[in-house]
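Following: one structure in structure tokens, then a few remarks.
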Amino acid sequence: MVKIGLIGCGAIAHTHVSNLVNHLKGAEITEVFDVVPQAAKDLIKEYQLNAHLSESVDALVNSNNVDVVMVCSRNDTHVEPILAAIQAHKYVFTEKPLATTAAACKKIIAAEVAAGQRFVQVGFMRRYDPAYQELKATIDQGLIGAPLMGYCRHFMTVPPTSYFKTENTINDSFIHESDIIHWLFKDDYVSVQVQFPRPNSLNPAAELKDPQIVTVKMKQGAIVNVYLNQNSHYGYEVRCQVIGEKGIAQLPEVNRLDLHADRKIYHDVDYDWSNRFVEAYQRELQDFIDHANRQEALTGPTAWDGYIATVTADCAIQSQKNEAVVPIELPERPELYQTKE
């Protein structure tokens, strides 16, 4: 039974802890830390955890009662616990993003390279979604030939807050596409461009320009357009289509009952992300737990994958300033990550 130290007790932490308590096997939460102690106390009480309230990140990571670390804290607070876990030679599952700057990601990569081992798994849960896995298998088997171009759609019902900003669309939404496209196409990016179509007059967030279109180009020439909309109003929807030399592969429609009534044929649409990726969240964390229990090398998204996503997001935010094409430059991939796509 692997003992998990949890850092951060916000919404995504509740998702993971609920899965650990109700669906997953081989792990238990033994230590909890949050900068707001009451949040940690409330989480322990809500899920009836037999867990100790840690006084600091350092105390949690280095506790003898912790085998692995799970980081669910605010995006800009991931680096300290990740580096501490690597130093302690403990596996760490971190929610995306790996870090909010490329420089911070490089520190994590340097620490793993110095240790000669991958300790980090980044929470890009879409890689564990059955539909995305079927899409990738179809591409890898050559059933549509070499992938030439693609289209993604990431629509939210409404912005999560009235102060949601233009760059948040990149850091909170596009970050998933930047990882999954790189994974599906097995290629690195060379450029990114963000453009703003006609603005949505129903957008309540004053500091948010919405919708946005992101275009990424890859080393082998493939181009993918990503449509991002925080104000769809009809519901939450994620789509992905890959067009190859001899065919097209795309995500299936979400499995829902079609209702025929009142001279209409229709099905329900999710309000947010919580239902769409339930299985993916469970599978990603179970995979991490299984490898930790067996003390095997992690096979999930790596720190290098997290670095690529962060660099791409940084360049996309730069493009938002004037809608220019921004080159993406990556250093040579370290040998430690050569086996990862």
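The environment of CD in Q117 is crowded: more than 12 heavy-atom neighbours from other residues, nucleotides or ligands sit within 6.0 Å. Environment of CG in N322: crowded, with over 12 heavy atoms of neighbouring residues, nucleotides or ligands closer than 6.0 Å. Within 6.0 Å of the CD atom in E296, the count of heavy atoms belonging to other residues, nucleotides or ligands exceeds 12. By the 6.0 Å contact criterion, NZ on K106 is open, its count of non-hydrogen atoms from other residues, nucleotides or ligands being 12 or less. Environment of CG in N50: sparse, with no more than 12 heavy atoms of neighbouring residues, nucleotides or ligands closer than 6.0 Å. Surrounding CD of Q220 are at most 12 heavy atoms belonging to other residues, nucleotides or ligands under 6.0 Å away. Surrounding CZ of F196 are more than 12 heavy atoms belonging to other residues, nucleotides or ligands, all under 6.0 Å away. Open room surrounds CD on Q48; 12 or fewer heavy atoms of other groups in view lie less than 6.0 Å from it.
Looking at V113 and Y337, their side chains come closer than 4.5 Å, going by heavy atoms from C-beta outward. Contact of the Y271 side chain with the V158 side chain is registered, since non-hydrogen atoms from C-beta on lie closer than 4.5 Å. At least one side-chain heavy atom of D188 sits under 4.5 Å from a side-chain heavy atom of I308. The side-chain heavy atoms of L251 and Q241, taken from C-beta on, include no pair separated by under 4.5 Å. In this structure, L228 and I213 have side chains that are not in contact, with every pair of non-hydrogen atoms separated by 4.5 Å or more. Using a 4.5 Å heavy-atom threshold, the side chains of N231 and P159 count as touching. Using a 4.5 Å cut-off on side-chain heavy atoms (C-beta onward), K136 and Q141 make no contact. L208 places none of its side-chain heavy atoms less than 4.5 Å from the side chain of N168.
Between H182 and Y189, the ring planes are tilted. Angles from 30° to 60° get that label. Between Y236 and H154, the ring planes lie perpendicular to each other; the angle is over 60°, past the 30° to 60° tilted range. Classified by interplanar angle (parallel below 30°, tilted 30° to 60°, perpendicular above 60°), the ring pair H176/F124 is perpendicular.
With sequence neighbours left out, E329 forms a salt bridge (Lys or Arg N to Asp or Glu O under 4.0 Å) with no residue at all. Remark: Q318 engages no residue in a side chain to side chain donor-acceptor pair (under 3.5 Å) (not counting sequence neighbours). Among residues two or more places apart in sequence or in another chain, the side chain to side chain donor-acceptor pair (under 3.5 Å) test is passed with E134 by none. Annotation: salt bridge (Lys or Arg N to Asp or Glu O under 4.0 Å) contacts of D58 (sequence neighbours excluded): none.
Salt bridge D172/K165: absent, no basic N to carboxylate O contact under 4.0 Å. Of the charged side-chain nitrogens involved, none lies within less than 4.0 Å of a carboxylate oxygen, so that D262 and K264 do not count as a salt-bridged pair. Using a cutoff of 4.0 Å between basic side-chain nitrogens and carboxylate oxygens, K3 and E31 are not scored as salt-bridged. Salt bridge absent: K96 and D179 never bring a charged side-chain N and a carboxylate O closer than 4.0 Å. Between D34 and K41 there is no salt bridge, since no side-chain N of the basic residue sits under 4.0 Å from a carboxylate O of the acidic one. Of the charged side-chain nitrogens involved, none lies within less than 4.0 Å of a carboxylate oxygen, so that R283 and D287 do not count as a salt-bridged pair. A salt bridge is defined here as a Lys NZ or Arg NE, NH1 or NH2 lying under 4.0 Å from an Asp or Glu carboxylate O, and K186 with D140 meets this definition.
Although no hydrogens or angles enter the test, the distance criterion places no donor-acceptor pair under 3.5 Å between the side chain of S191 and the main chain of I328. Remark: the backbone N or O of G26 is paired with a side-chain donor or acceptor of N293 at under 3.5 angstrom. No donor-acceptor pair under 3.5 Å is formed between the side chain of Q212 and the backbone N or O of T169. Side-chain N or O atoms of T302 include one that pairs as donor or acceptor with a backbone N or O of W304 at under 3.5 Å. At distances below 3.5 Å, at least one donor-acceptor pair connects side-chain atoms of R118 with backbone N or O atoms of L298. The main-chain N or O of Q230 is found under 3.5 Å from a side-chain atom of D210 such that the two form a donor-acceptor pair. Looking only at distances, no side-chain donor or acceptor of S54 sits under 3.5 Å from a matching main-chain atom of F33. Under a 3.5 Å cut-off, the side chain of K90 and the backbone N or O of V66 do form a donor-acceptor pair. Checked by atom type and distance alone, the side chain of S162 never pairs as donor or acceptor with a backbone atom of A205 at under 3.5 Å. Panel note: side chain R256, backbone D268; a donor-acceptor pair is recorded below 3.5 Å.
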Q: Assess whether side chain to side chain donor-acceptor pair (under 3.5 Å) is satisfied between E167 and N171, documenting all intermediate values.
A: CA-CA 6 Å; E167 57 266 29; N171 285 327; over 6 Å; no
Q: Output, in order, the C-alpha distance, side-chain angles, deciding distance and verdict of ring pair (Phe, Tyr, Trp, His ring centres under 6.0 Å) for Y281 and Y128.
A: CA-CA 8 Å; Y281 278 114; Y128 290 88; over 10 Å; no
Q: In sequence, state the C-alpha distance, the side-chain angles, and the governing distance for E112 and L336, and then conclude on side-chain contact (heavy atoms from CB on, under 4.5 Å).
A: CA-CA 8 Å; E112 284 196 322; L336 182 66; 3.9 Å; yes
**Q.** side chain to side chain donor-acceptor pair (under 3.5 Å) assessment of H291 paired with Y91
**A.** CA-CA 10 Å; H291 282 82; Y91 287 157; over 6 Å; no
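Within the model, atoms OG of S232 and CE of M156 stand 8.5 Å from one another, a figure rounded to the nearest 0.5 Å. Atom CD1 of I29 and atom CD1 of I44 lie 9.5 Å apart (nearest 0.5 Å). Summarising the geometry, atom CE belonging to M70 is positioned 5.0 Å from atom CD1 belonging to I4; distances are rounded to the nearest 0.5 Å. Between the CZ atom in R127 and the OG1 atom in T299 there is a gap of 10.5 Å [rounded to 0.5 Å].
For residues 241-253, the set of pairs meeting the salt bridge (Lys or Arg N to Asp or Glu O under 4.0 Å) definition, not counting sequence neighbours, comprises R239-E253. The salt bridge (Lys or Arg N to Asp or Glu O under 4.0 Å) contacts involving residues 146-158 comprise R153-E237, where partners must be two or more places apart or lie in separate chains.
Side-chain contact annotation: D272 with S274, donor-acceptor N/O pair under 3.5 Å present. Judged by distance alone, the side chains of Y47 and H14 do bring a donor and an acceptor atom under 3.5 Å apart. Remark: the E95 side chain and the H78 side chain contain no N/O donor-acceptor pair separated by less than 3.5 Å.
The side-chain contact (heavy atoms from CB on, under 4.5 Å) test with V79 singles out one residue from D76, T77, I82, L83, and that residue is L83. Of the residues I223, N225, V192, the one that meets the side-chain contact (heavy atoms from CB on, under 4.5 Å) test with V216 is V192.
Residues L6 and L60 come closest through the heavy atom pair O-CD1, 3.4 Å.
Not less than 6.0 angstrom separates the ring centroid of F155 from the ring centroid of Y227.
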